[in-house]
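To start, the structure under review is shown below, and the notes come after it.
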Amino acid sequence: MYRSKIKSLLEWKLNRNRKPLVLLGARQVGKTYLLQEFGKSEYKQMVYINFERADEMKDIFQNDLDPKRLIMAFEFYSGLKITPEDTLIVLDEIQAVERGITSLKYFCEEAREYQIIAAGSLLGTNIHPNESFPVGKIDMMTLYPMSFYEFLLAMGEENGLARILREKLFDIPLFSKKFIELLRYYFYVGGMPEAVVAFAENRDWKKARQIQNKIIENYQSDFSKHAPKEILPRINMVWSSIPAQLAKENKKFIYGVLKEGARAKDFELAIQWLTDAGLLHKIHAVTKPALPLIAYQDFSAFKLYHNDIGLLGAMSKLNAKTLVNGNEVFEEFKGALTEQYVFQQLLLNEESSLNYYPFENGRYELDFIVQNEDDELIPIEVKAGEILRAKSFKYFCEKHKPTKAIRTSLTDYKEEDWMTNVPLYLIGDYFKNPE
């Protein structure tokens, strides 16, 4: 199962100025698998410690944080002699131990020759009291659910559809029907690795859904175990509301959907906990489509997206039968799945800033506006079907005259004088450099 982040890990390894690396990501997005594959393929040996399971190691950081002493403890635990040049040290679920994350500061300052990666599913929510994140002393990376490109690879399309994305052969329309078929599958299965593997092996829709439901149960169990008790009911309310929030014509997060009279101050901490855990993602409205977008963010207006389209479909009770009814899945509950999909693919381009833009006093809305690494502002309109009438999008482009404008839909790739239509199945790779 190929994950594109393996390339980023290799770049980290080869960087002469590398620091200890922290790999973030929601539970069950495949962090442990990725690190173990990286260790097997790129190192002579790997020392792997999961601090949720290694009870005998949980007090290792309590006395002092001398890297030499810690390395000796890792050696005793693993039974391996750690050599800096060819040993990968993986400290998994590091948030489970107090001062574990702090120890990385001293590895950076005193023993940078050791190649250490720390990972944590709830690291953003579980920093211990009196413990600070070692900003400036670590490198950071985030792993998300599998992209559509990675899904195609898992489905055996290495030299087929995946190659078209990889080599950016966007003007080849011959395979659009097959692309759309597999895109429908992705809308149902999503990008959680366990569900993808189960589906790729035998096209078992039921098994994929069972896995998704189990992951959702595990997430909710994490709420009970790790979230502050005083905000637990509100976390559950926000989490459960996401399908309804995204099913609205205007997908801006509305507190009134949670309960009548709900206010921002009552739910801010709950939303923050869910976004810190990587289970939801927040993008803000901007009041003006101008550089830099961050200067025009409206922090009171935002959308919340799920971390995975497959899990969103499971929470919404989307039936697999919908997939066989042509392209209806793309228009399910007002195109919510399609917008979720586009968001998920755009999120993978971490060099870009992603926002949305309500204009004309809220009468219209630009689904996404991206500031890329070249400081271009790119408006993006998402169309769930093949009916492409969009007066508001054209009005926006005529008024602001962006150098590049994107409409993404089920129709084939087409460049027009004022915008480019990018098929939904190409949208993620359109913004990425070729691999």
Side-chain angles (χ1 to χ4, degrees), residues 1-4 144-209 212 308-310 312-313 318-332 335-346 348-349 380-388 406-415 420-435:
M1 183 175 63
Y2 176 78
R3 301 303 306 271
S4 297
Y144 299 105
M146 295 174 71
S147 66
F148 182 55
Y149 172 75
E150 291 171 324
F151 177 78
L152 290 176
L153 291 177
M155 296 292 287
E157 291 290 337
E158 164 69 26
N159 294 313
L161 300 185
R163 180 185 171 191
I164 292 176
L165 299 188
R166 188 167 58 248
E167 298 182 10
K168 292 182 174 288
L169 305 174
F170 296 158
D171 56 353
I172 300 179
L174 300 175
F175 302 100
S176 60
K177 288 185 178 179
K178 189 175 181 182
F179 262 124
I180 291 172
E181 178 185 3
L182 285 165
L183 188 60
R184 289 203 304 265
Y185 296 171
Y186 182 76
F187 269 45
Y188 185 88
V189 177
M192 302 305 282
E194 188 180 358
V196 172
V197 170
F199 181 76
E201 287 176 351
N202 52 23
R203 304 295 196 275
D204 190 336
W205 307 98
K206 185 177 180 181
K207 180 65 175 176
R209 179 50 52 85
Q212 291 166 340
D308 179 61
I309 188 172
L312 176 61
L318 178 67
N319 195 298
K321 292 179 181 178
T322 306
L323 292 169
V324 301
N325 294 326
N327 294 330
E328 289 182 12
V329 65
F330 300 109
E331 301 182 36
E332 279 294 302
L337 286 177
T338 301
E339 190 168 320
Q340 166 72 36
Y341 162 79
V342 172
F343 165 78
Q344 214 167 310
Q345 307 309 303
L346 294 176
L348 299 174
N349 188 0
I380 301 176
E381 182 188 50
V382 179
K383 301 300 288 185
E386 297 183 77
I387 299 175
L388 304 181
I406 303 297
R407 180 177 62 203
T408 183
S409 68
L410 290 178
T411 58
D412 293 334
Y413 184 88
K414 183 179 180 182
E415 295 184 8
T420 300
N421 187 82
V422 178
L424 286 166
Y425 48 82
L426 299 180
I427 189 63
D429 291 83
Y430 181 83
F431 288 96
K432 292 196 307 188
N433 293 324
E435 297 196 4

(message) If you apply the rule side-chain hydrogen bond (donor to acceptor under 3.5 Å, both in side chains), what do you find for Tyr341 with Gln345, and how did you get there?
(response) CA-CA 6 Å; Tyr341 162 79; Gln345 307 309 303; 4.8 Å; no
(message) One pair to check against side chain to side chain contact (heavy atoms under 4.5 Å, CB included): Leu152 and Phe179. What are the steps and the verdict?
(response) CA-CA 9 Å; Leu152 290 176; Phe179 262 124; 3.9 Å; yes
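Looking at Gln340, its side chain never comes within 3.5 Å of a backbone N or O of Leu312 through a donor-acceptor pair. In terms of modelled atom types and a separation under 3.5 Å, the side chain of Asn421 and the main chain of Asp412 share a donor-acceptor contact. With Arg166 contributing its side chain and Glu158 its backbone, the two residues share a donor-acceptor pair below 3.5 Å. No donor-acceptor pair closer than 3.5 Å links the side chain of Asp308 to the backbone N or O of Pro145. Thr420 places no side-chain N or O within donor-acceptor distance of the main-chain N or O of Ile406, the cut-off being under 3.5 Å. In this structure a side-chain-to-backbone donor-acceptor pair under 3.5 Å is present from Glu150 to Ser4.
For the pair Leu337 and Leu318, the minimum side-chain heavy-atom distance is below 4.5 Å. Using a 4.5 Å heavy-atom threshold, the side chains of Gln212 and Arg209 count as touching. Residues Lys383 and Arg407 meet the side-chain proximity criterion, which asks for heavy atoms closer than 4.5 Å. Residues Phe175 and Glu157 form no side-chain contact, since every pair of their non-hydrogen atoms from C-beta on lies 4.5 Å or further apart. Under the 4.5 Å side-chain criterion, counting only non-hydrogen atoms from C-beta, Thr338 is in contact with Phe187.
Here CE of Met155 is found 12.5 Å from OH of Tyr186. Values are rounded to the nearest 0.5 Å. Atom OG1 of Thr411 sits about 8.5 Å away from atom CG of Leu424, to the nearest 0.5 Å. Between atom CD1 of residue Ile380 and atom OH of residue Tyr430 there is a gap of 9.5 Å, rounded to the nearest 0.5 Å. Taking CG of Leu183 as the start and CG of Leu410 as the end, the distance is 7.5 Å to the nearest 0.5 Å. Between the OG1 atom of Thr408 and the CG atom of Leu426 there is a distance of 8.0 Å, given to the nearest 0.5 Å. Atoms CD and CD, on Glu339 and Glu381 in that order, are 10.5 Å from each other to the nearest 0.5 Å.
Not less than 6.0 angstrom separates the ring centroid of Phe148 from the ring centroid of Tyr425.
Heavy-atom contacts from other residues, nucleotides or ligands closer than 6.0 Å to CZ of Arg203 number more than 12.
The two residues Met146 and Pro193 have their closest heavy-atom pair at SD-CA, 3.8 Å. Across every non-hydrogen atom of Ala200 and Ala154, the tightest pair is CB-O, 3.4 Å.
Taking the six-membered ring where the residue is Trp, Phe199 and Trp205 present tilted rings, their angle falling between 30° and 60°.
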